[in-house]
J.: 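Got a structure here, written out as structure tokens. Questions coming.
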2 protein chains.
Amino acid sequence: MGLEERRKREKENRKNAILKAARKLFFDKGFKNVTVESIAKKAELSKGSVYLYFKSKEDIYTQILLSDIDKFHKVMANIIREGQSSSATLMSLANLYTDFFMNDRELFRIMMNYMLNIDHMNLPEEIDHLIVKATNKTIDIIEEIFMIGVRSGEFPPYIDLRQKRNAIWGLLNGTISLHLFTGSEEKRAERIRSTIQTGLNTFLRGMRTPSGNGQ
Amino acid sequence: MGLEERRKREKENRKNAILKAARKLFFDKGFKNVTVESIAKKAELSKGSVYLYFKSKEDIYTQILLSDIDKFHKVMANIIREGQSSSATLMSLANLYTDFFMNDRELFRIMMNYMLNIDHMNLPEEIDHLIVKATNKTIDIIEEIFMIGVRSGEFPPYIDLRQKRNAIWGLLNGTISLHLFTGSEEKRAERIRSTIQTGLNTFLRGMRTPSGNGQ
DNA sequence: GACCATTGGTCAGTAATTGACCATTGTCCA
DNA sequence: TGGACAATGGTCAATTACTGACCAATGGTC
């Protein structure tokens, strides 16, 4: 409760106000279409003040990305739980993954761009690396879930892990892409979730039935 | 959500932080024993800043008094309700009155001082006047309640209103004085409330029974 | 390829905050 | 009694935070 402490706290608050304003704008309009002036306005500050807290527009952007990637990892970290079937785990992964990117369209767009090598935006090396890592994280987790399923006998032992993993990853991201940037806001969450849920269920059923022998 | 508006809001917040800190200190220690430096510390500001928002220590004090007197009037304003016996009204007045001053000992002390002409503290004329007015307010309300009670037949018509009114006022403030500045904090509220409640009930019973004929 | 609009970034000017300092007052002790 | 001293209300020059007019670079248009 000191005086120095109060000033530090207020600085932190200012910075957060800018980040909050910027996040919303970036995620609504994308990096290029947001002006620093508009961020300042939304944060109820002057443009000059924004530059007291961040050294560039890009700096704001990368700090948001870093913090969101961090959140992403936290969300993904505890997906795999004891005593839950791999199918159920995959389903909860799909739901969490969808929910996360529903609230962070910009990050999704960026990850997709990286995946597709469209546009590396000239972000610092370090950020590049982290984004790639975050992108791969989901793939790794899906593979891990499949391995657990095979080990427990839930899935046949002869499946091609890589293939299944990629199919699921594609299903997830393809569906999200399709819905996230098209159509109206209304009931978007429901549409994505139900599409993914039925798709995933169908796929898993296919894996377990003898006719669809996992190949 | 403009920029000018934000600054205005923040000024208001600063001022309120000072008032909040000062109120607590004044009510704990009394005007004389509080230093401006201590107010500043508690509000996490420098002494200089306090003087940006208030022109003197006394100014802080009177602003708190004014705002508290205002609150007091708001609390007292709606005591009298249709369809409630005068006894019940008196009881709720007693409870509200007690609760109010439990949280504002300093104001109580000041009002008592004024009543007893002990110390007028050199507050501006205007404040003096308001404090006297607030003090008298309670007396007037008690009298009004008695009059309603007489009119409705709840109390005998021959009672001396002034006498009864003064007795109740004395009971209230005497009890609060006794408890508010002595003994331990623990269960103080309960002690005051129960003392006043039984005292008031006894008094009212006395007024209604033929033997205690209201004189 | 000249003009213009837009916008990222700068910086001199302004506002808010600080705390060392001063003047006054009350206290204590010789 | 009076003077040394501590405590504290109030001031103000120095520091820190914030602002917005301005500049330079960029991209679009005719």
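Labels below follow one simple rule: chain letters A, B, ... track the order of the sequence lines, proteins then strands, and each chain is numbered from 1. Values in this document were obtained by computation on a predicted structure and should not be read as measured data.
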J.: So B/Lys71 and B/Asp68, salt bridge (Lys or Arg N to Asp or Glu O under 4.0 Å) or not? Walk me through it.
T.: CA-CA 5 Å; B/Lys71 273 191 235 155; B/Asp68 285 1; 3.4 Å; yes

J.: If we call it a pair only when both distances are under 3.5 Å in a Watson-Crick or G-U wobble match, what pairs with C/dT17?
T.: D/dA14

J.: Given the rule in the salt bridge (Lys or Arg N to Asp or Glu O under 4.0 Å) test, do B/Glu4 and B/Lys8 qualify, once you have shown the distances and angles that lead to the verdict?
T.: CA-CA 6 Å; B/Glu4 205 51 52; B/Lys8 199 172 141 197; over 6 Å; no

J.: Taking DNA chain D as the partner, which of residues 21-28 of chain A come within under 4.0 angstrom of it by heavy atom?
T.: none

J.: Are A/Lys57 and A/Phe26 in a cation-pi contact, defined as NZ or CZ under 6.0 Å from the six-membered ring centre and within 45° of the axis?
T.: no

J.: How do A/Lys55 and B/Ser46 order along DNA chain C: which one's closest nucleotide is nearer the 5' end?
T.: A/Lys55

J.: Would you say the side-chain atoms of B/Ser86 pair up with the backbone N or O of B/Ile145, donor to acceptor, closer than 3.5 Å?
T.: yes

J.: So which atom in A/Met111 and which in A/Thr135 form the shortest heavy-atom distance, rounded to 0.1 Å?
T.: CE-N, 3.6 Å

J.: Going by atom types only, do A/Arg23 and A/Ser67 share a side-chain donor-acceptor pair under 3.5 Å?
T.: yes

J.: Would one find a side-chain N or O of B/Arg7 under 4.0 angstrom from OP1 or OP2 of D/dT19?
T.: yes

J.: Please give, in whole Å, the distance from D/dA6 P to B/Glu37 CD?
T.: 18 Å

J.: Give the rounded distance in Å between these two atoms: CD of A/Glu44 and P of D/dT19.
T.: 10 Å

J.: Please answer whether the main-chain N or O of A/His179 pairs with a side-chain N or O of A/Arg188 as donor and acceptor at a distance below 3.5 Å.
T.: yes

J.: Write down the distance between CD (A/Glu12) and P (D/dA17), rounded to a whole number of angstrom.
T.: 14 Å

J.: In whole Å, what is the span from the NZ atom of B/Lys11 to the C1' atom of D/dA17?
T.: 14 Å

J.: Taking pairing as Watson-Crick or G-U wobble with both contacts under 3.5 Å, can you name the mate of D/dT29, or confirm there isn't one?
T.: C/dA2

J.: With heavy-atom distances below 4.5 Å as the criterion, would you say the side chains of B/Ile192 and B/Thr195 are in contact?
T.: no

J.: Check every nucleotide of DNA chain C for an atom under 4.0 Å from a heavy-atom of chain B, then give the first and the last such nucleotide from 5' to 3'.
T.: C/dA15 to C/dG19

J.: Looking at A/Tyr53, does any N or O in its side chain come under 4.0 Å of the phosphate oxygens OP1/OP2 on D/dC18?
T.: yes

J.: Determine whether the aromatic ring centres of residues B/Phe100 and B/Phe108 are separated by less than 6.0 angstrom.
T.: no

J.: Taking any heavy-atom pair under 4.0 Å as a contact, classify A/Lys47: base, sugar-phosphate, or nothing.
T.: base

J.: Any base atoms under 4.0 Å from A/Val34, or only sugar-phosphate, or nothing? Heavy atoms, all strands.
T.: sugar-phosphate

J.: A/Lys41 and A/Glu37: salt bridge (Lys or Arg N to Asp or Glu O under 4.0 Å), yes or no, with the steps?
T.: CA-CA 6 Å; A/Lys41 271 279 181 313; A/Glu37 181 68 39; 3.2 Å; yes

J.: Judged by each residue's nearest nucleotide on DNA chain D, which is more toward the 5′ side, B/Asn33 or B/Gly48?
T.: B/Asn33

J.: Within less than 4.0 Å of OP1 or OP2 of D/dC18, is there a side-chain N or O belonging to A/Ser49?
T.: no

J.: When the distance from CG of A/Leu52 to P of D/dT15 is rounded to whole Å, what number comes out?
T.: 19 Å

J.: Under 4.0 angstrom, heavy atoms only, what part of the nucleic acid is A/Leu45 near: base, sugar-phosphate, or nothing?
T.: sugar-phosphate

J.: Do any side-chain nitrogens or oxygens of A/Arg14 fall under 4.0 Å of OP1 or OP2 in D/dC18?
T.: yes

